[in-house]
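The structure appears below as structure tokens.
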Amino acid sequence: MAKELNLETIRHSMAHVMAEAVLEIMPETKIAIGPAIENGFYYDFDLPRPLTDADLETITEHMKAIIKSGVPFERKEVSRDEAKALFADQPYKLELIDAIPEGETVSIYTQGKFTDLCRGPHVETTKDLNAEGFKLLSIAGAYWRGNEKNPMLTRIYGTAWKNGKELRVYLDHLADIEKRDHRKLGKELDLFSLHEEAGPGLVYWHPRGARVRQAIEEFWRGEHYKNGYELVYTPHVGKSWLWETSGHLDFYKDSMYPKMEMDKADYYAKPMNCPFHIMIYKNSKHSYRELPFRWAELGTVYRYEKAGALHGLMRVRGFTQDDAHLFVTPDQMDDEIVEVLRFSLYMLHSFGFNDVHAYISTKPEKSVGRQEDWDAATAALKKAVEKEGLSYDIDEGGGAFYGPKIDLKVKDAIGREWQLSTVQFDFNLPERFDLTFVDKDGQEKRPFMIHRALLGSIERFFGVLIEHYAGAFPPWLSPDQIVIIPVGENAFDYSKALEKRLRGEGFRVAIDLSDDRLNAKIRNAQKLKTPYMLIIGEKEMAGDVVSVRYRNGKQVNGVPTADFISEVHGVIDRKEQI
RNA sequence: GCCAAAGUAGCUCAGUGGUAGAGCAGCUCACUCGUAAUGAGCAGGUCGCGGGUUCGACUCCCAUCUUUGGCUCCA
């Protein structure tokens, strides 16, 4: 018996076993498709009634029995008509059979009493599956063939592994993901909240969350000045003229907050910052000598995301983009792209993301702009990515209609990918707003426009940071960098003076003057994941020293206060994690 | 928007067709404490919101809002 089994084959076979189990329980079920996916499998069903978690247990029991019965998976090639006869009472399968291209073999797999239309491959017998190596995870809705016009089927997700040990490792990983959930940590660490009664998808930054945001923004602004950007501020609303000209009203009206009527004009909350930066550009005539312009703004935008799409900080209706627009002459394009990319990587690394992968998206079928501009811009993107030595994939035809782009995805501490930076060419807006500059030859020419966001949205980026660090931010980002914990009341005055001294150093300092016992104070500081806890009692007061408890439990006693101060300055300046 | 589940105190959750309960947090009092929860007491809820059924609804039904898991979408 083949022992080197492919996980994908195991998972796909597991999906068939699940379908058999579901049919055993509810024979009138119509089956759709059941592929292997990353970490597991799913199968879509058209069921006679909704499922409950109890059903998952029953299905699991049936699956275990099928696995233990050790029946073989038998492949058979059949004609189209035979297949149709076999699946006469399975409408979804009939549709799939019709979709198989002429000339392609139609194959079916049978295990026990269950036969499925399937290309395979499968394990030899259900004995190759491990009854302890799988778990049904969730029930969800899914459109037949992924089209929202089609009926909604019930999808059961499961995970499957070679054995129970591998399954447990994966389930531990899922538990880790749950522990890092930014919505949970946001509450526990008192960072932010959302209020359904005040409007879904709108974020309230609490003082502790706002401190993190301020640290992010302060760094962001400083680096932008250093890198040749100018910072601008623009309004939050604008007349419909802006969005008619930009084309947003045509394409995205349904995703915009509805209009506000005022003085016989229609105003909209901005879903994008671009037209506003363009207004600044259009405020005067520009010479080639002035370009490039690099204008950045932490611009808050509003988009009416569908109710079901909202998710914590990751998908919201009001958010702040770390946006910038570059207006460049065609011959500045290559250098500017290289610089933007280098800057992006520097920023991502500063926040602790060192595993970055690039995705270049090229011209889609429907697009605006000249072919030679698309070619040049796409070539510039590729060159820049290669120059930075980034690994990349090309998504042919995946660009927006207005220009090619690079997206940067980072891997977090537990290997999940998040898309953060994006650099996009825009051949549309310069045309629509008739942007020009006067070139050397005295002719008016069209500048290139590049949109870019390094962090994406501050809200989402914050969510990613929370999950990446599991709430234990590096000191430069931590809401409280230091908490002072007096052992007893007689150390209160000294502790307050110390707090003042440390604040004077620019540190974010908290002090625990509650009447809790020392143990409880440490526990509370630990739960807030404060990087440095200073225990202050008789010994420390006597010698101008501090006893430092790090949040990892490490403890160093009797550190001269001045030494501690310079240690923390160093860690913050170098943006180190401790 | 679609499918499904959920909504009970600030948080985490129990509970029942006869108008609600715990732990933590909060407040008060006592203890003044040396490395992950000191003890006692008090207070806190029109059980998401609106209808209906019923002698009686937090519980059953309908509608609605929101949240969660997915699907679709994501300029």
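This structure is a prediction, so every number in the text was calculated from the model and none was measured. Residue numbers begin at 1 in each chain, while the letters A, B, ... track the order of the sequences.
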Next item on the list: Determine, stepwise, if the pair A/Val546 / A/Ile484 fulfils side chain to side chain contact (heavy atoms under 4.5 Å, CB included).
Entry: CA-CA 10 Å; A/Val546 292; A/Ile484 299 171; over 6 Å; no

Check: Whole-Å distance between B/rC73 P and A/Tyr143 OH?
Finding: 10 Å

Item checked: P gap between B/rU16 and B/rC29, integer Å -> 40 Å

Next item on the list: Name the closest nucleotide to the A/Leu310 side chain, picking from B/rA75, B/rG34, B/rU67.
Entry: B/rU67

Notebook entry, point to check: So which one's nearest nucleotide on RNA chain B is more toward 5', A/Arg551 or A/Asp181?
Noted result: A/Arg551

Next item on the list: Check the angle between the aromatic planes of A/Phe251 and A/Phe401 and answer parallel, tilted or perpendicular using the 30° and 60° thresholds.
Entry: parallel

Note to self: What's A/Ala400 touching, base or sugar-phosphate or nothing? Going by heavy atoms closer than 4.0 Å.
What the structure shows: nothing

Note to self: For A/Arg446, run the salt bridge (charged side-chain N to carboxylate O under 4.0 Å, His left out) check against A/Asp373, A/Asp434, A/Asp426 and tell me which one passes.
What the structure shows: A/Asp434

Check: When the P atoms of B/rC49 and B/rA57 are considered, how many whole Å apart are they?
Finding: 15 Å

Next item on the list: For A/Ser246, report the nucleic acid contact type (base, sugar-phosphate, nothing); a contact means any heavy atom under 4.0 Å.
Entry: nothing

Note to self: Let's see if you can work this out: which of B/rA75, B/rU72, B/rG34 has an atom nearest to the side-chain heavy atoms of A/Tyr402?
What the structure shows: B/rA75

Item checked: Gap between atoms CZ and P, on A/Arg452 and B/rA75 respectively (whole Å) -> 17 Å

Check: What's the NE2-C1' distance between A/His311 and B/rU72, to the nearest Å?
Finding: 17 Å

Margin query: Looking at A/Glu540 and B/rG34, is any side-chain donor or acceptor paired with a base atom of the opposite kind under 3.5 Å?
Written below: yes

Notebook entry, point to check: Using atom P of each nucleotide, how far apart are B/rG15 and B/rC27 to the nearest Å?
Noted result: 31 Å

Check: Do A/Lys270 and A/Phe276 meet the cation-pi criteria used here (NZ or CZ under 6.0 Å from the six-membered ring centre, within 45° of the axis)?
Finding: yes

Next item on the list: Return the stems involving RNA chain B, sorted by first number, where pairs are Watson-Crick (N1-N3 with N6-O4 or O6-N4) or G-U wobble (N1-O2 and O6-N3), both under 3.5 Å, and runs are 3 or more long.
Entry: B:1-7 with B:65-71, B:10-13 with B:21-24, B:26-30 with B:38-42, B:50-52 with B:60-62

Margin query: Any non-hydrogen side-chain atom of A/Leu502 less than 4.5 Å from a side-chain atom of A/Leu534?
Written below: yes

Next item on the list: Select base, sugar-phosphate, or nothing to describe what A/Gln419 touches, counting heavy atoms under 4.0 Å on all strands.
Entry: nothing

Item checked: Aromatic A/Tyr302 / basic A/Arg317 pairing, under 6.0 angstrom, 45° off normal -> no

Note to self: Distance check, C1' atoms only: B/rC47 and B/rG10, in whole angstrom units.
What the structure shows: 16 Å

Item checked: Proximal nucleotide (of B/rG34, B/rA37, B/rA75) relative to the A/Gln424 side chain -> B/rA75

Next item on the list: Please assess A/Lys496 against A/Leu513 for the test side chain to side chain contact (heavy atoms under 4.5 Å, CB included), listing each intermediate value before the final yes or no.
Entry: CA-CA 9 Å; A/Lys496 283 188 219 169; A/Leu513 297 176; 3.8 Å; yes

Note to self: Can you check the distance between B/rA14 and B/rG23, where both ends of the measurement are the P atom (answer in whole Å)?
What the structure shows: 16 Å

Margin query: What's the gap between B/rA63 and B/rU59 when it is taken at their P atoms, as a whole Å value?
Written below: 15 Å

Note to self: For A/Ala307 and A/Ser547, find the nucleotide of RNA chain B closest to each by heavy atoms; which residue's nucleotide sits nearer the 5' end?
What the structure shows: A/Ala307

Check: So, A/His277 versus A/Glu297: side-chain donor-acceptor pair below 3.5 Å or not?
Finding: yes

Any N/O pairs under 3.5 Å between the protein and nucleotides 22-30 of chain B? List them or say none.
none

Margin query: Checking side-chain polar atoms at under 3.5 Å, does A/Thr159 have a donor or acceptor matched by the opposite partner on A/Asn39?
Written below: no

Next item on the list: Classify the side chain of A/Arg549 versus the base of B/rA36 as yes if they form a donor-acceptor pair under 3.5 Å and no if they do not.
Entry: yes

Margin query: Tell me if the centroids of the rings in A/Tyr532 and A/Tyr550 come within less than 6.0 Å of each other.
Written below: yes

Check: In whole angstrom, what separates A/Ile485's CD1 from B/rC33's P?
Finding: 17 Å

Check: If you look at every strand shown and take non-hydrogen atoms under 4.0 Å, does A/Arg183 touch a base, only sugar-phosphate, or nothing?
Finding: sugar-phosphate

Check: A/Tyr157 OH to B/rG69 P: how many Å, rounded?
Finding: 12 Å

Note to self: Using a 4.0 Å heavy-atom cut-off, does A/Arg155 contact any base of the nucleic acid, only the sugar-phosphate backbone, or nothing at all?
What the structure shows: sugar-phosphate

Check: Taking the inter-plane angle between the rings of A/His357 and A/Tyr359 on a 0 to 90° scale, is it parallel (under 30°), tilted (30 to 60°) or perpendicular (over 60°)?
Finding: perpendicular

Check: Do you know which of A/Lys179, A/Arg416, A/Lys184 makes salt bridge (charged side-chain N to carboxylate O under 4.0 Å, His left out) with A/Glu467?
Finding: A/Arg416

Next item on the list: Report the nucleotide, chosen from B/rC73, B/rU32, B/rA75, that has the shortest atom-to-atom distance to any side-chain atom of A/Glu489.
Entry: B/rU32

Check: Between B/rC13 atom C1' and A/Lys187 atom NZ, what is the distance in whole Å?
Finding: 12 Å

Notebook entry, point to check: How many Å lie between CG on A/Asp254 and C1' on B/rA75, as a whole number?
Noted result: 13 Å

Margin query: Starting the side chain at C-beta, find the nucleotide from B/rA36, B/rC74, B/rA75 nearest to A/Arg315.
Written below: B/rC74

Notebook entry, point to check: When the P atoms of B/rG7 and B/rC11 are considered, how many whole Å apart are they?
Noted result: 14 Å

Note to self: Quick one, A/Gln424 with A/Tyr402, criterion side chain to side chain contact (heavy atoms under 4.5 Å, CB included). Give me CA distance, side-chain angles, the key distance, then yes/no.
What the structure shows: CA-CA 9 Å; A/Gln424 310 190 355; A/Tyr402 51 77; 2.6 Å; yes

Next item on the list: Just say parallel, tilted or perpendicular for the rings of A/Tyr252 and A/His248, cut-offs at 30° and 60°.
Entry: tilted

Note to self: Using a heavy-atom cut-off of 4.0 Å across all strands, would you classify A/Phe401 as base, sugar-phosphate, or nothing?
What the structure shows: nothing

Check: Roughly how many Å is it from NZ in A/Lys306 to P in B/rA75, rounded to a whole number?
Finding: 13 Å

Check: So what does A/Pro151 hit on the nucleic acid, given a heavy-atom distance under 4.0 Å: a base, only sugar-phosphate, or nothing?
Finding: nothing

Notebook entry, point to check: Which of the following nucleotides, B/rU35, B/rU12, B/rA75, is nearest to the side chain of A/Tyr252?
Noted result: B/rA75

Notebook entry, point to check: Expressed in whole Å, how much space separates the P atoms belonging to B/rA4 and B/rU8?
Noted result: 22 Å

Next item on the list: Look at the rings of A/Trp161 and A/Tyr170 and say which category their plane angle falls in: under 30° parallel, 30 to 60° tilted, over 60° perpendicular.
Entry: tilted

Could you list, one pair per line, each protein nitrogen or oxygen that sits under 3.5 Å from a nitrogen or oxygen of nucleotides 3-10 of chain B, together with the distance?
unit_1: B/rC3; atom_1: O2; unit_2: A/Gly141; atom_2: N; d: 3.2

Notebook entry, point to check: Base, sugar-phosphate alone, or nothing: which one does A/Gly247 contact when heavy atoms must sit under 4.0 Å apart?
Noted result: nothing

Check: What nucleotide, of B/rG34, B/rC73, B/rA36, holds the atom closest to the side chain of A/Val487?
Finding: B/rG34

